[in-house]
J.: 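Encoded as structure tokens, here's the structure I'll be asking about.
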Amino acid sequence: MANVLVFIDNPGDALKKSSLELLTAGRALGETAVAVNGDVHPAVSAAFAEYGVTAVFQPSAADLDDYLVAPKAAYLAAAAAAAGASTVLLDNSPEGKEIAARLGIRLNAGVITDVVGVDADGTAHKSVLAGSYTTAAKATTPVSVLTLKANSITPEPASAATAPESSIVEVPDDGTATAARITSREQKVASGRPDLTDARIVVAGGRGLDGDFGPVEELADALGAAVGASRAATDAGWISHDAQVGQTGKTVSPQLYISAGISGAIQQKAGMQTAKVIVAINKDAESPVFEIADFGIIGDLFDVLPQATEEIKKRKG
Amino acid sequence: MKIIVLVKHVPDAQFDRHLNGEGYTTDRDESILSELDEYALEAALQLAEARGGAKAGNQVIALSMGPAGAVNAVKKSLQMGATEGVHLTDSALAGSDAAATSLALAAAIRHVGGVDLVLTGMASTDGETSLVPAQLAERLGLPQVTFASSLTVDGGRLTARRDADTYSETVEAPLPAVVSVTDQINEPRYPNFKGIIAAKRKSITTLSLADIGVDPAQVGRSGSWTTVTTAAERPPRTAGTIITDEGDAGIKLVDFLAAQKLL
Ligand SMILES: Cc1cc2nc3c(=O)[nH]c(=O)nc-3n(C[C@H](O)[C@H](O)[C@H](O)COP(=O)(O)OP(=O)(O)OC[C@H]3O[C@@H](n4cnc5c(N)ncnc54)[C@H](O)[C@@H]3O)c2cc1C
Ligand SMILES: Nc1ncnc2c1ncn2[C@@H]1O[C@H](COP(=O)(O)O)[C@@H](O)[C@H]1O
């Protein structure tokens, strides 16, 4: 069977769902080793065993987080060699994709991003051109590097637990020699709402909110949803840029996307048209968003959203 | 300062876009300069202008790799204010993936030589992979700063801001470096009449693979490390039920969610 290497960056106290998805996808392809950066807590070790991981690698250097991706790619290339991996799996975050990019050059390996499923023969499935095509792609090289989108597969523990062996991988110096250095970092305050990229429900607002995200946030909280926005709303400073959905923001594929006061420009659609169900509220019947809505309401969002929020609260008791 | 800006000629997203032919490459009729590369060009022009512009010897070179039509992305860049253009074109390049594209672009950048900064867009609006800038940096052995939302250069070093979901950070790197910029960094200018006239006198160098010393077998569909095996157009979303609010649309919305088991 083939060997697979999964990269998990700073797992923290417990593995995220997206990491469990990577481990599950890896196991379907072959024997799975993990390359970790950062501390491995006992709960994380336990999850590795439960998900059938056979080996765990850690870097010889503790300062990989001080640089932009290059040393991580160098470390991962060394780990891939140690594992004899023919497939390397990473998450599809901007950083995951960049590490994958550089790793691909180091390993002479084809890189495929935005993957939503992998077949046993390594064929990767993804959608392209803003969700208008679904394609299958394959690396033609001995090693392939794939970045897997969150929420693409259901995490499943292995049928039998393993006792993974740990070892240290020497990080080649050429990774840090030319890397950009991170000189300061400020944490942002967490919203307490679900993460936009893997939320089951997203409620998004646009210019129609006219500066007041209250009605969108209240509906989102009643539904346990994440809050999204159009670029018009983030550019106006009504909400943080992190909330932007679209070509230059986040791509989301939730079960439900509620769009309020958003016209539905092509760049906005690029980030949300693979949602399972789309609901749109807009007072202009001609808005392009109605072309893709499963349920559209021509009306004023300041009437419709609060009424819906009240009704949900009533039904949920 | 000598800055290369990478500009890609991409199908206009305002029209339907299609994948065609062997290898499912994008149909390039109705193509334009990738909107996201205009931010890189604007960033380059601002850096050059702050140093006295072309008169003071600052160069902003727009480089595009692509078929004959890609020269239009270079021309538009010249109209916006780039000082010269380079069009890398060769029939053997057709169907190049990110690895092959970065190989050819790296060779073209070395061929131009003496570059202080390579600026790119955050992603191409057709490929949308964001792989090329990082691969280019790896191939050129240069520092990589991606997704910069601000950029300053001072005495051979650059400083940039980056925003992630849970943090913002400041990064520093020595020049030369490869930097990709986001659409938050600036507001790209429109070419004005003077710019359009001036562009006619600016030179565009056309390069082939032979000129930059790249073996055609390393690029194009056959030199790429990935291949597209199938592509199917997703059926367009069919419009669903559209209602007009008569005072109870919020309740009807909740009825719809309940029926879809989404509550
Ligand atoms: C390079 C580039 C990248 C971009 N990237 C993105 C991106 O990632 N994401 C993105 O979203 N956009 C992006 N855009 C911008 C995009 O083109 C649109 O300009 C933007 O999406 C418009 O936002 P909007 O729909 O909120 O505003 P508008 O287009 O102004 O629409 C507002 C809508 O609200 C409705 N409305 C107003 N008041 C009410 C009310 N009381 N009740 C109900 N409805 C009301 C109006 O009828 C209108 O349809 C990008 C543009 C460029 C050039
Ligand atoms: N064929 C090309 N010619 C010029 N620049 C390119 C080309 N392909 C990619 N780029 C640059 O690389 C950036 C990222 O592209 P991509 O990795 O394809 O998403 C773009 O914004 C361009 O600046």
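A, B, ... follow the sequence lines: proteins, then strands. Residue 1 opens every chain.
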J.: Tell me which of these, A:Lys283, A:Gln255, A:His241, A:Arg200, has more heavy-atom pairs under 4.5 Å with chain B than the rest.
T.: A:His241

J.: Testing the 3.5 Å rule here: is there a donor-acceptor pair between the side chains of A:Glu98 and B:Thr146?
T.: yes

J.: Examine whether an atom of B:Leu257 lies under 4.5 Å from a heavy atom of chain A, and if so say whether it belongs to the side chain, the backbone or both; otherwise answer neither.
T.: side chain

J.: Counting heavy-atom pairs under 4.5 Å to chain B, which of A:Ala139, A:Ala136, A:Ala137, A:Ala180 comes out on top?
T.: A:Ala136

J.: Please list all pairs passing the salt bridge (Lys or Arg N to Asp or Glu O under 4.0 Å) test where one or both residues lie in residues 121-144 of chain A, with sequence neighbours left out.
T.: none

J.: Please identify, among B:Ala160, B:Ala137, B:Ala123, the residue contributing the most non-hydrogen atom pairs under 4.5 Å to chain A.
T.: B:Ala137

J.: For a 4.5 angstrom cut-off between non-hydrogen side-chain atoms, does A:Lys250 reach B:Asp165?
T.: yes

J.: Tell me if the NZ atom of B:Lys261 is crowded by more than 12 foreign heavy atoms within 6.0 Å.
T.: no

J.: Measure A:Lys276 against the heavy atoms of chain B and call it side chain, backbone, both or neither at under 4.5 Å.
T.: backbone

J.: Run the salt-bridge test on A:Arg181 and B:Glu172 with the 4.0 Å N-O cut-off and return the result as yes or no.
T.: no

J.: So B:Val10 and B:Ser31, do their side chains get closer than 4.5 Å, heavy atoms only?
T.: no

J.: How about A:Arg102 and B:Gln144: does a side-chain donor come under 3.5 Å of a side-chain acceptor?
T.: yes

J.: Are any of the side-chain heavy atoms of B:Leu33 and B:Glu38 separated by less than 4.5 Å?
T.: yes

J.: Checking heavy atoms, do the side chain of A:Ile182, its backbone, both or neither come under 4.5 Å from chain B?
T.: both

J.: Just give me the residue among A:Arg106, A:Lys314, A:Lys316, A:Gln273 that pairs up with chain B most often, heavy atom to heavy atom, under 4.5 Å.
T.: A:Arg106

J.: Looking only at heavy atoms, what is the nearest atom pair of A:Gly104 and B:Trp225, with distance?
T.: O-CZ3, 3.5 Å

J.: Using a strict cut-off of less than 4.0 Å between a Lys/Arg side-chain nitrogen and an Asp/Glu carboxylate oxygen, indicate whether A:Asp65 and A:Arg185 qualify as a salt bridge.
T.: no

J.: Residue by residue, which of residues 108-118 of chain A have a heavy atom closer than 4.5 Å to a heavy atom belonging to chain B?
T.: A:Asn108, A:Ala109, A:Gly110, A:Val111, A:Ile112, A:Thr113, A:Asp114

J.: Can you tell me which portion of A:Ala70 sits under 4.5 Å from chain B's heavy atoms? Options are side chain, backbone, both or neither.
T.: neither

J.: Do we see a donor-acceptor contact under 3.5 Å between the side chains of B:Thr170 and B:Arg161?
T.: yes

J.: Which one of B:Thr244, B:Asp255, B:Val254 has the most heavy-atom pairs closer than 4.5 Å to chain A?
T.: B:Val254

J.: Among B:Pro174, B:Gly141, B:Ser130, which has the most heavy-atom pairs under 4.5 Å with chain A?
T.: B:Gly141

J.: Which region of A:Val69, side chain (C-beta onward) or backbone (N, CA, C, O), has a non-hydrogen atom less than 4.5 Å from a non-hydrogen atom of chain B, or is it both or neither?
T.: side chain

J.: Among B:Leu158, B:Leu131, B:Ile243, which residue forms the greatest number of heavy-atom pairs with chain A at distances under 4.5 Å?
T.: B:Ile243

J.: With chain B, which of A:Asp303, A:Thr274, A:Thr309, A:Asp294 has the greatest number of heavy-atom pairs at distances under 4.5 Å?
T.: A:Asp294

J.: Please identify, among B:Thr182, B:Ile242, B:Val132, the residue contributing the most non-hydrogen atom pairs under 4.5 Å to chain A.
T.: B:Ile242

J.: Pick one of side chain, backbone, both or neither for B:Ala232, based on which atoms fall under 4.5 Å of a heavy atom in chain A.
T.: both

J.: Would you check, one step at a time, whether the test side chain to side chain contact (heavy atoms under 4.5 Å, CB included) holds for A:Val88 with A:Leu90?
T.: CA-CA 7 Å; A:Val88 184; A:Leu90 300 95; 4.0 Å; yes

J.: In terms of heavy-atom proximity below 4.5 Å to chain B, should A:Leu196 be classed as side chain, backbone, both, or neither?
T.: neither

J.: When you check the side-chain N and O atoms of A:His125 and A:Asp119, is any donor under 3.5 Å from an acceptor?
T.: yes

J.: Within the 3.5 Å criterion, strictly below it, is a donor on A:Asp91 or A:Ser18 matched to an acceptor on the partner's side chain?
T.: no

J.: If I measure from the heavy atoms of chain B, does A:Ile201 come under 4.5 Å with its side chain, its backbone, both, or neither?
T.: side chain

J.: Between B:Arg139 and B:Ser102, is there a side-chain donor-acceptor contact under 3.5 Å, judged purely by atom types and distance?
T.: yes

J.: Please classify the contact of A:Val279 with chain B as side chain, backbone, both or neither, using a heavy-atom distance under 4.5 Å.
T.: side chain

J.: So for A:Glu291, is it side chain, backbone, both, or neither that comes closer than 4.5 Å to the heavy atoms of chain B?
T.: backbone

J.: Among A:Ile99, A:Leu68, A:Ile278, A:Leu103, which residue has the highest count of heavy-atom pairs closer than 4.5 Å to chain B?
T.: A:Leu68

J.: Heavy-atom pairs under 4.5 Å with chain B - which of A:Thr141, A:Thr183, A:Thr123 has more of them than the others?
T.: A:Thr183

J.: Flag the one option from B:Val145, B:Thr166, B:Asp245 with the top tally of heavy-atom pairs under 4.5 Å to chain A.
T.: B:Thr166

J.: Checking heavy atoms, do the side chain of B:Glu246, its backbone, both or neither come under 4.5 Å from chain A?
T.: neither

J.: Salt bridge between A:Asp195 and A:Lys16, side-chain N to carboxylate O under 4.0 Å?
T.: no

J.: If you take all heavy atoms of A:Gly299 and A:Ile281, which pair is closest and at what distance?
T.: O-CG2, 4.1 Å

J.: Report the C-alpha separation of B:Val118 and B:Leu136 in whole Å, then their side-chain angles, then the decisive distance to 0.1 Å, and conclude whether the side chain to side chain contact (heavy atoms under 4.5 Å, CB included) test is met.
T.: CA-CA 9 Å; B:Val118 178; B:Leu136 205 54; 4.2 Å; yes

J.: Check whether A:Ser93 gets within reach of chain B through its side chain, its backbone, both or neither, counting any heavy atom under 4.5 Å.
T.: neither

